[in-house]
Structures are given as structure tokens and as C-alpha cells.
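Shown next, in C-alpha cells, is the structure this report addresses.
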Protein chains: 2
Amino acid sequence: MNNINEKSTYHHGDLRETLLIVATKMLQESGIKEVSLRKLASRVGVSRTAPYHHFKDKNALLCGMAEKGFEQLHQINKCGYEDKELSIREHFYRFIHDYIQFAHNNPDLYELMFGRTIWKDKSSTQELRDSAYPCFQFQVAMTQEWQKKGLFNVDDNALRASQVLWGTVHGIAKLFIDGIYTDNSKIDEICDYAVSMFLTNAKQ
Amino acid sequence: MNNINEKSTYHHGDLRETLLIVATKMLQESGIKEVSLRKLASRVGVSRTAPYHHFKDKNALLCGMAEKGFEQLHQINKCGYEDKELSIREHFYRFIHDYIQFAHNNPDLYELMFGRTIWKDKSSTQELRDSAYPCFQFQVAMTQEWQKKGLFNVDDNALRASQVLWGTVHGIAKLFIDGIYTDNSKIDEICDYAVSMFLTNAKQ
DNA sequence: AACCAAAGTTGACACTGTCAAGTTAAGGTG
DNA sequence: CACCTTAACTTGACAGTGTCAACTTTGGTT
């Protein structure tokens, strides 16, 4: 393994993890189009096909990267929600802002996490689903709590409310990320407006 | 040209249009990944590089396809809005349903129209922008009208309202299209819920 | 009739993901 | 210690991609 004298370069030691890290770095640096197995391998200093001993194919590697993204996002949601000093409205406000900020800070990763590359055609790995579903469910749970406390004036259907809410943040995030909304300085303003559109008549 | 005896196969006659049509068909049949210039050319019965005389590169072809998509979508929006028999609430309802239905009926085309492939890195062609912007602007204009008539209880900022609204429909559409919301039978229900989340306290 | 520009062709290059077959070395067993 | 299984890694190969350069065909204009 990697001791000081870097002997024995044949076996890398922790190639799987290294691949994930470097691939994610490449993703952030130059976008998904620049992430190729060959470039990745060469950058890690290993032969073209070495990654195949750790990932079934390129798709599996991408799923692995997305997996970590969902853990991050889940963590962010949790942090905001568990801040006991905030009111309900503030929790709601923070969820929207934090979510879109995460997407904005990690555009290519976000794109990967929610893109059809990974989800369509049943190409998502079990591990990816195991990491993504809890993240989704947490959002539903939060919405349920907000709804119970009267934040939205609609039927008590937490799943539907959460789907619409998530749709909104996801949509705004994607329109920015994909370069359709181009004025990044307006992100916060749009988030504010979204909050007020949902909450104008909330009981609390 | 293509007369009955199909003489003179060397010059196709209307290759540009044919390429757009066949490429869009391929897109709908098997998804963006199956759309390659070489397969397209061979399917049209022309050599690999013939398309380059009508499109600068693959990106330009994709932009051309998206262009037509925006014309369609614009048309759909117009139709709904100009139906004089509907109330304002019904117009709003119809916009949301029609929009998401369009995306659902043309998932790969929608993906292409709004994906970063086309919009990021300044890779959108002028023609694409000329076809997309009026479509966007029409949505802003509709929102402005709705807002004037008191459909939303927030400041009279039509641009912001429209951005949030569009975010919502775009997000819901994408979550379905990309395979994250998987139960297609719930599309209408979610749309209904979205409508009610925005309108619970509208003046009209 | 001559010619030009547009449209279409073939050959080539660098790049991609992935498979098959061979090589290296680390770890457990006798 | 020697042995051997097996995971990790390598090289060679193949089919597929977008795109460029150089060539050929053709229709329309002068």
C-alpha cells in the first residue's frame, strides 16, 4: 500500500475509493462529458480496465458517485430540520434555500444524481437506491410535519404536498443548473418568492 | 428530387428536413443515446458526413430538433390560453396539466429541449434561442395576466411568479421523465394538488 | 459550353466503453 | 518454508462515436 517509499505500485490498495474521489473531482472540474473511464484511470495512474474490478461498468461508477451525493444532501436536510431554534416557517424557508444552494454549488453532481442516465432503464444500483430513498423519505416526513402544523392550506396529503414541493425546488434548481435561468444573482430572490407563494395564507 | 421514379439519388433534395424528422423519430423510439450521426445518416440512406453540409455539428442538429419542440410547446400554451370559454382558474389549471402532459408524451424531446447539453457552454444556436425565448415569454405574459387578476396573493412581480411557477411544472415533469417519480398514474393527481397549493386563497 | 458552388462521398484520426486472455502479488494452508 | 488460490491489475483487441480533409458529382448560372 502507500507507505513512504511508495513501493509496490502494482496493487493500489484502495482503488475503489480513489476512483470515486477522483472521478467526482473530474466531474466538478470539467463536467460529466469529461469523465471517461480511460482518463480517470490514467489520472489515477492505473490501466484502462483496472476500474472494472471495482465497478461492473461505467454506470456503476456513476451510481457510486451519486450515492455519495445523496448522503451529502440528506445530511444538509437533516441539519436544517434539526435546528431547534427555528420556527416552522423558518424551517421551510431554510429547506428551500439550502436545497437549491446545494444544487447550485454542485451542479454536475446534482445533474448526475437526478438525471435519467442513472434512473431510467432500471440502471440504478441497489446501493444507490439504498442511499437515495432515505433522502427522499426524509423530505416527505418533513413535509408531513409542516402540514400537520398548518403550513399549507390543502388536504392532509403529505405525499402529494411533498411531491409538489420537491418538484418546485428541483425545477428551479435545474433551470439554473442547465443554464436556462442565467442570472445567478437572483437565486435567493426566487427562493424567497417561492416560499411566499406557498405560505401566503399559512396558519402559522 | 423525389419524383415517382426516384431518379438521381445523389442529391437528396430535402436532406436537412429529413434529418430532423428521422432524428426526432429515433429520439422518440430509443432515446437520446441511440441518436448518432452515423446511424441517422445510414437510416436516411446517405453517407456519414453528409449531415455536415446542413448542420455545423451534432449539437446544431440537436438544437434544430429542440427548436421544433419549442414551437410545439408554444402552440399548446397558446391554445389553452386563448380558449375564451374558460375561467382564469381553469386557464391556470389547464396550463399546468397541458405542460406536464406534453413533457410526459415527449420525454426524450423534453429532456433535450431543456437539458444542459444544449444550453450550457453557450452551445445553443441563435435559431434555437429565437424559437425558445418567445415560448418562455409567453409563459411570463400569462402569469402576469393571472397575477393582475388576483390569482396569487403575492407582490405583483410577474417575472418571479412565473419563474417559480415554471420551476414547479418543470420540476414535476422532470421527476417523472427521469424515472424518479415512477407511478405515472398519479400525474393528474399531482397536477391537481399543485394547482390547489397555489390557489387555495386566490381572490377569484 | 464552361464553370462554380452546393451537396454528397471516402479515408482517416482520436477518442470512447468493454471484453478476453494473460500477469502479478497478497494471503491463507499444508 | 513452499504452495496455490484468487483478487487485482495489465495489454491487446473490437466496435462504435464525432469530425476533419480531400475528392467527386451535380444543378443552375453566365
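Quick note on labels: first sequence line is chain A, next is B, and so on, each numbered from 1.
In the region residues 49-57 of chain B, proximity to DNA chain C at under 4.0 angstrom, judged on heavy atoms, holds for T49(B), A50(B), H53(B), H54(B). The stretch residues 18-40 of chain B touches DNA chain C through R38(B), each having a heavy atom within less than 4.0 Å of the strand.
For residues 105-115 of chain A, the set of pairs meeting the salt bridge (Lys or Arg N to Asp or Glu O under 4.0 Å) definition, not counting sequence neighbours, comprises D108(A)-R116(B), E111(A)-K174(A), E111(A)-R116(B). The salt bridge (Lys or Arg N to Asp or Glu O under 4.0 Å) analysis of residues 28-37 of chain B, with sequence neighbours excluded, yields the pairs E29(B)-R43(B), E34(B)-K39(B).
On a pure distance criterion of 3.5 Å, a polar donor-acceptor pair joins the side chain of R48(B) and the base of dG11(C).
Less than 6.0 angstrom separates the ring centroid of F136(A) from the ring centroid of F70(A).
Checked against side chain to side chain donor-acceptor pair (under 3.5 Å), D83(B) has the following partners two or more places apart in sequence or in another chain: R94(B). Annotation: side chain to side chain contact (heavy atoms under 4.5 Å, CB included) contacts of S47(B) (sequence neighbours excluded): T49(B), A50(B). Every residue two or more places apart in sequence or in another chain was checked for a side chain to side chain donor-acceptor pair (under 3.5 Å) with D178(B), and none qualifies. Applying the side chain to side chain donor-acceptor pair (under 3.5 Å) test to W166(A) and every residue at least two apart in sequence or in another chain returns Y99(A). Listed by chain and residue number, K68(B) satisfy the side chain to side chain donor-acceptor pair (under 3.5 Å) test with E17(B) (two or more places apart in sequence, or in another chain).
Whole-Å rounding puts the K58(B) NZ to dC20(D) P distance at 14 Å.
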